[in-house]
Structures are given as structure tokens and as C-alpha cells.
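Have a look at the structure below, then the notes.
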Amino acid sequence: MKIISVVGARPNFMKIAPLAHAMRRVNGIEHVIVHTGQHYDEKMSGSFFKQLGIPRPKINLEVGSGSHAKQTAEVMARFETILLKHKPDLVIVVGDVNSTMACTIVAKKLWIPVAHVEAGLRSFDRKMPEEINRLVTDCICDIWFTTSPEAKKHLMKEGVPSSRIFFVGNVMIDTLFANRKTAEQSDALRRFKVYKRNYVLVTLHRPSNVDSRESLLKIMKALKIIQKKLPVIFPVHPRTHTNIKKFLSKRELGEFSSVAFSEPLGYFDFLNLMQYAKVVLTDSGGIQEETTALGVACLTLRKNTERPITITQGTNILVGTDTKRIIREAEKVINGKTKKGRCPKYWDGRASERIVKTIQLLNRKGKLSL
Ligand code: UD1
């Protein structure tokens, strides 16, 4: 069986890594990774391949940045050529980035079955580009692998037959557990001069939070207060970097003396900082899940989440983007009032193994297609 899997942006790499390893361990699968090049910097892409031991993709479509339409169109045109040449039996897509949706559409128009890993998540906010990507992908793919029970409910409401939905767990957490010990060797805490459970870790990159001056300043104002309680570490995503430079003057940035702004970090450094943070403030989807798996407090700076299980079972609290509320919730955690959580079912490091077994079984039965 020949399988092509697609990676495009940073959060895809941790999801493909355990699948690549699991496919390598079984006989009879030829696995080809296609990188669309949606993310291209060493710090946003290359370093993850090295650290997670993912074979360097022989095929890189090098689409780079652009508007949604342009980026999606470029991925589609270039991926079509690859599929026509390689004729895989199955395409695997993960998550909800533009590359996920683009490659699904191309494969389906060529009648190639598609499996979506992390299917069925819904924020019910169609202003989020990722929500559109999730809806389109889930509407036309053939096999749906889910991370949590509510995903199945969403998919069934949208007409997906339950026999094609497989609750397998969370591949991102496979990578987290596989690398947690190695991450201990990172010297990130020393480099940032912080002590365990004595700092706040921040990530921000959602367009709704960083693309306008008003929304970015609402969060930055909260950080200005929070830094007085505990030092803040803020690895800055390229999108956020551009906007911080655009919206804040040098003088304003000078007021963040206890915020350590850094370039995007590698996987091991970030994982180590995450597991020893007092609290993580984020608008990322994956980090809500990773903090839940680690049992670390997480405050999500968004109005909604497509990952409600991190709230109902995990350590996540949805705090929105109001400055005062962010400060209040962060202070609660800093003062020791933390929410206890547990790790959701099947977030156990074995999701990719379940996925590969299911694919093999469906292939044997001739049922890769819907
Ligand atoms: C993308 C995904 C988002 C995911 C995020 C993780 C979509 C719609 N968005 O958003 O779901 O959570 O990745 O990071 O697919 N840039 C660089 N170097 C890079 C990549 C980007 O400098 O390697 C800069 C470019 O100027 C670009 C900007 O960052 O314009 C934003 O990148 P883009 O890929 O458009 O979206 P993200 O915000 O990263």
C-alpha cells in the first residue's frame, strides 16, 4: 500500500512524526511525506524534522506564504502533479491548516481516498480559517480519525456514517509522551533564567488576536501587569512578530522588562518550558491539548475552542480576550488556585498505532474508500 501524508505548517509536524514511525514499523506500507512548504523557516519547520526524527520530505511544494486563496490554490496545483505521478492508495491529512483542506480537495477529485486525522473538531466559529478547513475536509474525506467523543457527534450530525469514524486518541500526545524525557535535557529554563513553576509561558498567533492593534494591545496590556507577578517567556510566532513591530513603539516595548520575547523555539525547548510553567497563556489549539496531557494550567485567550474536552476534563480555562479577565485568571493560578484535570481517554501515546492498524484493516477489506 502506498500512502502519501501531507504536512504544511508547524502543528502538523508533531502529528505526522508518530504516524511516520508507526508506518515504518509495519510491513507493506510505502510512506511518502509531502511538505507543502506553508511554513518554511528553519525555526517553524526544519528543526522539527531533526528533533522528532521525521525523514526529511523528498517532496517540498515550496508554496510559502500568501493570502488564503493564493496559498490554497498553489498547494492544490502543485499537489495534483505529485498525486498524478505517485498514484497513492491513500492520502493522510492532519489537523486544520490550509494545506489540509487543499490536499483533500485535490485527492478526492482524483478519486484517491483520504483519511483525516483529528477529524470532527468544531469551534462553530466560521470566521476562523481553520473551521472552514475542518468543515471542507470532513465533508469529503473517507476515513475520520477522532481525538475525543464529541467529534463523533459533530460528524454524525453532518451525515458521516458512524462505521467510518474511528476514535483513536491524539497523535500530538503520542509525540509529547515519546519526547518528554528527552526534553528534560533542554537548557531552556537556564537560558531564560527561570525556575520550575515560577514563570508564565505565552504563545499568540491567531489572526483574531494579533492582526489588529486593538486586539493585540488588549492582551499585551494584560502581560504588562502579569509580568510584575512572575517573569513571562514569550516565543513569538512570525505573524505576531510582524504585528508587534507594527503596533507597538520601541518605548512601549520597553515597558515589558520582565517579558522575555524570543524567536519561535524548537520542540524540546518548548516542551520543557511548558511542562514546568506555572501557567500557559495561549491561543493555540495544540497547546490546550498538550497542557491538559501534562496537567499544567492553561488559560486560552479565545472566545471559543474546538477542543472542549481540554476544559471538561483537562486543565484548560477559556478566558477570552478581555484584559481584566486575563489578569484576574492568571493571578488566581499564580496564587495557587489551579484547576485539577485528567488526561482524556486514549491520549496515551498509542493513537498512531491504532490509526495504522485501522488503515491496514480497511485496506485488507478493500474499504479505504467510503
Ligand atoms: C498557520 C495555520 C494555523 C496554525 C499556524 C501554526 C492556516 C490557515 N493557518 O497559521 O492554523 O495554527 O499555522 O503556526 O493554515 N511566516 C514566516 N515563516 C514561516 C511561516 C510563516 O515568517 O515559516 C510568516 C509569513 O510572513 C506569514 C505569517 O508568518 O505571512 C503567517 O503564516 P501563515 O502560514 O499565513 O499562517 P499562520 O498564522 O502561521
Side-chain angles (χ1 to χ4, degrees), residues 6-16 34-50 57 60-76 78-79 93-105 116-119 121-123 125-138 171-172 175 202-212 215-216 219 234-247 261-267 270 274 280 282-290 300-302 304-307 310:
V6 176
V7 290
R10 184 168 60 177
N12 296 160
F13 309 134
M14 321 53 172
K15 294 173 192 170
I16 284 296
V34 174
H35 192 328
T36 65
Q38 187 177 337
H39 283 174
Y40 41 87
D41 285 351
E42 177 64 19
K43 291 200 161 69
M44 296 297 287
S45 171
S47 79
F48 294 88
F49 286 84
K50 278 188 216 132
N60 191 322
L61 307 181
E62 293 178 347
V63 297
S65 304
S67 70
H68 284 269
K70 202 158 177 274
Q71 191 175 59
T72 306
E74 286 294 343
V75 173
M76 288 179 69
R78 297 179 195 191
F79 191 56
V93 295
V94 296
D96 54 18
V97 302
N98 286 346
S99 303
T100 310
M101 175 186 74
C103 293
T104 302
I105 296 173
H116 183 204
V117 174
E118 210 184 81
L121 298 184
R122 296 289 178 270
S123 66
D125 174 1
R126 292 198 179 188
K127 287 194 176 144
M128 263 182 100
E130 293 80 5
E131 184 75 351
I132 305 300
N133 295 340
R134 290 188 279 261
L135 284 162
V136 174
T137 304
D138 283 338
V171 287
M172 200 171 212
T175 297
V202 177
T203 82
L204 282 180
H205 76 283
R206 291 267 155 237
S208 59
N209 279 340
V210 305
D211 280 3
S212 86
S215 38
L216 184 61
I219 299 174
F234 187 172
V236 185
H237 182 283
R239 172 188 288 280
T240 314
H241 184 249
T242 307
N243 290 327
I244 287 181
K245 276 206 320 211
K246 192 156 81 188
F247 299 138
F261 295 99
S262 84
E263 295 198 310
L265 296 172
Y267 188 75
F270 191 77
M274 193 162 46
V280 179
T282 190
D283 59 9
S284 148
I287 293 170
Q288 295 171 56
E289 298 183 334
E290 289 170 332
T300 295
L301 311 184
R302 286 173 47 187
N304 52 52
T305 177
E306 59 290 331
R307 292 163 163 91
T310 59

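Throughout, numbering of the chain's residues begins at 1 and tracks the sequence. One-based numbering, in listed order, for ligands and for the atoms of each.
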Worksheet item: Can you name the residues that form a salt bridge (charged side-chain N to carboxylate O under 4.0 Å, His left out) with Asp211, not counting sequence neighbours?
Response: Arg239
Worksheet item: Strictly under 4.0 Å, does any heavy atom of Pro11 approach an atom of ligand 1?
Response: yes
Worksheet entry | Heavy-atom nearest neighbour in the protein, as seen from atom 35 (O) of ligand 1, with distance rounded to 0.1 Å | Arg239 NH2, 3.7 Å
Fill in: Nearest-neighbour protein heavy atom for atom 7 (C) of ligand 1, which is reported as residue plus atom name and distance
Gln38 NE2, 3.5 Å
Worksheet item: With distance as the sole test, does Glu130 use its side chain to make a donor-acceptor pair with the main-chain N or O of Asp96 at under 3.5 Å?
Response: no
Item to complete: Taking only heavy atoms of His237 into account, list the atoms of ligand 1 that are under 4.0 Å away from them.
Response: 14 (O), 37 (P), 38 (O), 39 (O)
Worksheet item: If hydrogens are left out, which of His205, Arg10, Glu42 has an atom nearest to atom 5 (C) of ligand 1, that is, the closest non-hydrogen atom?
Response: His205
Worksheet entry | Winner among Val210, Asn12, Val97 once heavy atoms are compared against atom 2 (C) of ligand 1 | Val97
Worksheet item: Does the side chain of His35 pick up a donor-acceptor pair with the side chain of Ser45 at under 3.5 Å?
Response: yes
Item to complete: Report the distance from atom CE of Met172 to atom CE of Met14, rounding to the nearest 0.5 Å.
Response: 4.5 Å
Worksheet item: CZ of Phe79 to CD of Glu74: how many Å apart, nearest 0.5 Å?
Response: 15.0 Å
Worksheet item: Do any nitrogen or oxygen atoms of His39 lie less than 3.5 angstrom from nitrogen or oxygen atoms of ligand 1?
Response: yes
Discussion item. Can you list everything that forms a salt bridge (charged side-chain N to carboxylate O under 4.0 Å, His left out) with Glu290? Sequence neighbours excluded, please.
Written reply: none
Worksheet item: Quick one: does ligand 1 sit under 4.0 Å from the side chain of Glu130, the backbone, both or neither, non-hydrogen atoms only?
Response: side chain
Item to complete: Specify the protein heavy atom at minimum distance from atom 27 (C) of ligand 1: its residue, its atom name, and the distance to 0.1 Å.
Response: Ser65 OG, 3.3 Å
Item to complete: Check step by step if ring-ring contact (aromatic ring centres under 6.0 Å, His included) holds for Phe234 and His241.
Response: CA-CA 11 Å; Phe234 187 172; His241 184 249; over 10 Å; no
Worksheet item: In the protein, which heavy atom is nearest to atom 17 (C) of ligand 1, and how far is it?
Response: Tyr40 OH, 3.3 Å
Item to complete: Give the residue and atom name of whichever protein heavy atom lies nearest to atom 8 (C) of ligand 1, and the separation in Å to one decimal.
Response: Asn98 OD1, 3.1 Å
Fill in: Salt-bridge present (Asp125, Arg302; N to O < 4.0 Å)
no
Worksheet item: Got Thr305 and Gln288 here, is their nearest side-chain heavy-atom distance under 4.5 Å?
Response: yes
Worksheet item: Any idea which protein heavy atom is nearest atom 18 (N) of ligand 1, and the distance to it?
Response: Asp41 OD2, 2.9 Å
Practice prompt. State the atoms of ligand 1, each with its element, that fall below the 4.0 Å cut-off from a heavy-atom position in Met44.
Written response: 19 (C), 23 (O)
Discussion item. Below 3.5 Å, N or O to N or O, backbone or side chain included: is there any such pair between His68 and ligand 1?
Written reply: no
Worksheet item: What atoms of ligand 1 come closer than 4.0 angstrom to any heavy atom of Pro238?
Response: 16 (N), 17 (C), 18 (N), 22 (O), 24 (C), 29 (O)
Discussion item. A side-chain contact here means heavy atoms from C-beta on lying under 4.5 Å apart; do Met274 and Ile287 qualify?
Written reply: yes
